[in-house]
Asks: 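Below you will find the structure I want to go over with you.
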Amino acid sequence: MKTHHYIFLTAASFVIVFYDQDIGLNLGILAIVYALLTLFKTPERNRTRTFLILFVTSILSSFAFIWYRDFPSLLAVVSSILLLGYRSRNRKLKILFLIPVFIINSFTSIFRFFIFDAWLPKRNVSGVWQKTLAFVVIPLVFISIFFGIYSAGSDHFAALFTDYELDINVWQLLCLSVLGFFIAFNYWNYAVERFIYKKNYLLDDNFNDQSKVQKATYSFLDLDAERTSGVISFFCLNILLVFFIITYNYEQFYEVSKTPVQLSEETHERVNAVIMSIVMAVMVIMFYFKSGFNFDPKAKLMKMLARIWIILNAVLVLSAALKNYEYIITYGFTYKRLGVFAFLLLALIGLALTLIKIQKQKRNAFLFNGMTWYFYGTILACSYVNWGGIITSQNMKRKDFAVEYHLEQISFSERRLLKYADEKKDLQLKKKILEKVKEEKAKPFLSKILYYETLKE
């Protein structure tokens with residue numbers, strides 16, 4: 001199949017699965033279609049290990065959305081499909097360029113649409129296809145556009161068509177057709193601007209030979225002065241961080257106990273301070289180890305102090321994680337408290353990558369490239385696991401278990417709550433849960449969430 005076949009096929013599929021439906025099972029099905037067609041369309045040379053992994057995660061993310069239909073699974077399936085399509089055509093282009101490519105194509109698509117020679121067949125086209133395109137498709141597009149314009153400008157004109165009893169929502173059909181075509185066109189026919197290809201080297205993980213030459217970074221500082229500045233900065237920052245870790249842990253573990261509200265606010269403030277500290281720490285290291293100092297034989301002391309600082313920052317992260325764990329043990333699980341662990345884990349990974357950068361003499365881009373994939377992995381983990389079920393099952397063991405909170409605020413907790421209602425013989429709670437399940441099961445097939453279909457009424 002040619003590019004235009006993929007565009008029209010997936011645009012039509014979009015209209016079919018979303019017409020008169022809510023978002024649900026249909027988006028997962030459409031994502032699977034996109035993933036399979038991408039695998040079929042991708043040439044063998046581009047089917048790298050990364051591409052195949054992205055294909056698998058795209059399929060898994062699609063099933064996760066079919067099962068849960070929540071924001072994490074939506075984010076996972078959209079990012080997976082975009083990464084898959086991007087990698088299918090660009091083996092070596094850095095993944096960070098996906099965002100500018102996506103934004104640029106969203107704005108330029110209307111102009112690229114009218115460059116028909118770039119995406120429609122130029123020759124060897126059957127007479128049937130020519131006639132269908134010339135006599136049906138193109139006139140229908142223009143008629144639909146102007147029908148919308150004229151209907152908006154004249155009620156009598158619109159009444160000529162709306163007075164007839166047709167079981168078709170014309171406006172919905174038109175909007176879905178335009179949106180489906182827009183998505184399909186930009187997915188199968190996106191363009192990468194030449195300047196992006198030219199700047200791809202800026203995101204390489206390794207230095208080139210020219211960057212290994214020892215030279216001062218700034219005209220107002222010579223090499224020795226800059227090296228000494230780094231030694232003094234890291235030495236002072238290490239001393240400062242040691243005192244901060246001592247006071248931080250004293251405040252967390254030895255001060256007088258406070259109310260739950262005060263403790264919650266202070267815990268989140270301290271975690272935010274830790275994360276900000278880690279971000280700033282990585283930026284300082286990037287500032288000093290951006291070029292020549294990675295290969296400077298006289299910078300051993302500065303490298304040692306930087307490694308010590310990274311280790312001390314890791315100790316700070318572990319202290320925050322320990323306090324968050326204690327907070328969970330005392331007051332129970334919530335999404336935010338689990339989210340704190342996720343952020344702290346990413347902070348540790350960032351510190352580990354920074355240590356590798358210094359040890360292996362990598363460029364700063366190595367950190368951004370690596371963290372992009374770890375962030376994507378975090379999104380996948382959030383979408384594949386029923387965290388609401390875990391939160392509810394753990395909090396059920398507590399004496400202060402808040403039933404109404406878990407029923408209204410915690411997603412996909414119904415299975416655990418039904419078990420809890422049976423154990424406590426709480427018929428009122430069971431009735432509430434079953435009513436919610438019944439409402440979900442009553443939705444049309446393509447709008448369903450499979451999680452609720454597995455619950456027995």
Side-chain angles (χ1 to χ4, degrees), residues 225-290 293-294 298-360 362 364 367 370-371 374-375 378 394:
E226 191 174 352
R227 187 189 305 113
T228 305
S229 169
V231 171
I232 294 172
S233 296
F234 283 117
F235 179 79
C236 294
L237 288 170
N238 277 319
I239 299 298
L240 187 66
L241 185 53
V242 168
F243 279 102
F244 179 70
I245 290 173
I246 294 171
T247 57
Y248 183 84
N249 283 281
Y250 175 78
E251 289 177 356
Q252 288 199 124
F253 299 108
Y254 296 104
E255 278 196 340
V256 179
S257 299
K258 300 180 180 180
T259 65
V261 175
Q262 289 176 323
L263 186 59
S264 174
E265 291 176 353
E266 290 188 3
T267 300
H268 287 104
E269 287 175 0
R270 288 168 182 167
V271 168
N272 290 336
V274 169
I275 294 173
M276 183 58 66
S277 171
I278 301 304
V279 172
M280 293 302 297
V282 173
M283 290 179 67
V284 170
I285 290 174
M286 289 170 60
F287 174 78
Y288 280 108
F289 290 93
K290 57 186 173 296
F293 284 124
N294 288 276
K298 297 180 181 180
K300 291 182 179 179
L301 179 58
M302 187 170 73
K303 289 183 179 180
M304 183 185 70
L305 291 171
R307 293 189 189 102
I308 293 173
W309 199 36
I310 291 172
I311 293 171
L312 288 175
N313 275 284
V315 172
L316 184 61
V317 172
L318 293 176
S319 298
L322 186 60
K323 184 60 180 180
N324 190 56
Y325 175 73
E326 183 186 32
Y327 188 40
I328 288 175
I329 295 299
T330 306
Y331 297 108
F333 285 80
T334 64
Y335 284 120
K336 286 184 179 180
R337 292 162 199 168
L338 289 176
V340 167
F341 277 130
F343 278 110
L344 293 177
L345 178 60
L346 286 173
L348 274 180
I349 292 171
L351 289 173
L353 290 176
T354 306
L355 189 61
I356 294 171
K357 166 194 157 46
I358 296 175
Q359 201 72 20
K360 301 293 185 180
K362 300 288 186 179
N364 288 339
L367 297 175
M371 286 307 298
Y374 281 108
F375 184 73
T378 303
Q394 293 300 314

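Basis for what follows: all heavy atoms, side chains included, without hydrogens, waters or symmetry-related copies. This structure is a prediction, so every number in the text was calculated from the model and none was measured.
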Asks: To the nearest 0.5 Å, how far apart are CD1 in I329 and CZ in R337?
Replies: 11.0 Å
Asks: As an exercise, state the distance from CD1 of I278 to CG of L316, rounded to the nearest 0.5 Å.
Replies: 5.5 Å
Asks: For Y325, does the OH atom have more than 12 heavy-atom neighbours from other residues, nucleotides or ligands under 6.0 Å away?
Replies: no
Asks: Nearest 0.5 angstrom please: K323 NZ to L318 CG, how far?
Replies: 15.5 Å
Asks: Walk me through it: do R307 and Q359 pass the test side chain to side chain contact (heavy atoms under 4.5 Å, CB included)?
Replies: CA-CA 9 Å; R307 293 189 189 102; Q359 201 72 20; 2.9 Å; yes
Asks: Nearest 0.5 Å please: distance from the CH2 atom of W309 over to the CG atom of L237.
Replies: 4.5 Å
Asks: Nearest heavy-atom pair of L344 and A320: which atoms, and what distance?
Replies: CD1-C, 3.9 Å
Asks: Heavy-atom distance under 4.5 Å between the side chains of M304 and L301, does that happen here?
Replies: yes
Asks: Taking all non-hydrogen atoms of both residues into account, name the closest pair between L351 and A314 and its distance.
Replies: CD1-N, 3.6 Å
Asks: Is a side-chain donor or acceptor of N249 paired with a backbone partner of S319 at a separation under 3.5 angstrom?
Replies: no
Asks: Would you give the length of the straight line joining atom CZ of F234 to atom CD1 of I285, rounded to the nearest 0.5 angstrom?
Replies: 5.0 Å
Asks: Just to verify, what does I232 make a side chain to side chain contact (heavy atoms under 4.5 Å, CB included) with, not counting sequence neighbours?
Replies: T228, C236
Asks: In Å and rounded to the nearest 0.5 Å, what is the CG to OG1 distance from L346 to T378?
Replies: 4.0 Å
Asks: I would like to know whether V315 and L241 meet side chain to side chain contact (heavy atoms under 4.5 Å, CB included); could you show each step before the answer?
Replies: CA-CA 10 Å; V315 172; L241 185 53; over 6 Å; no
Asks: State, to 0.1 Å, how close S277 and N313 come at their nearest heavy-atom pair, and which atoms those are.
Replies: OG-OD1, 3.6 Å
Asks: Check the angle between the aromatic planes of F244 and Y248 and answer parallel, tilted or perpendicular using the 30° and 60° thresholds.
Replies: tilted
Asks: Decide yes or no on side chain to side chain contact (heavy atoms under 4.5 Å, CB included) for Y374 and L353, but give the supporting numbers first.
Replies: CA-CA 11 Å; Y374 281 108; L353 290 176; 4.1 Å; yes
Asks: So which of L305, L355, V282 actually passes side-chain contact (heavy atoms from CB on, under 4.5 Å) with I310?
Replies: L355
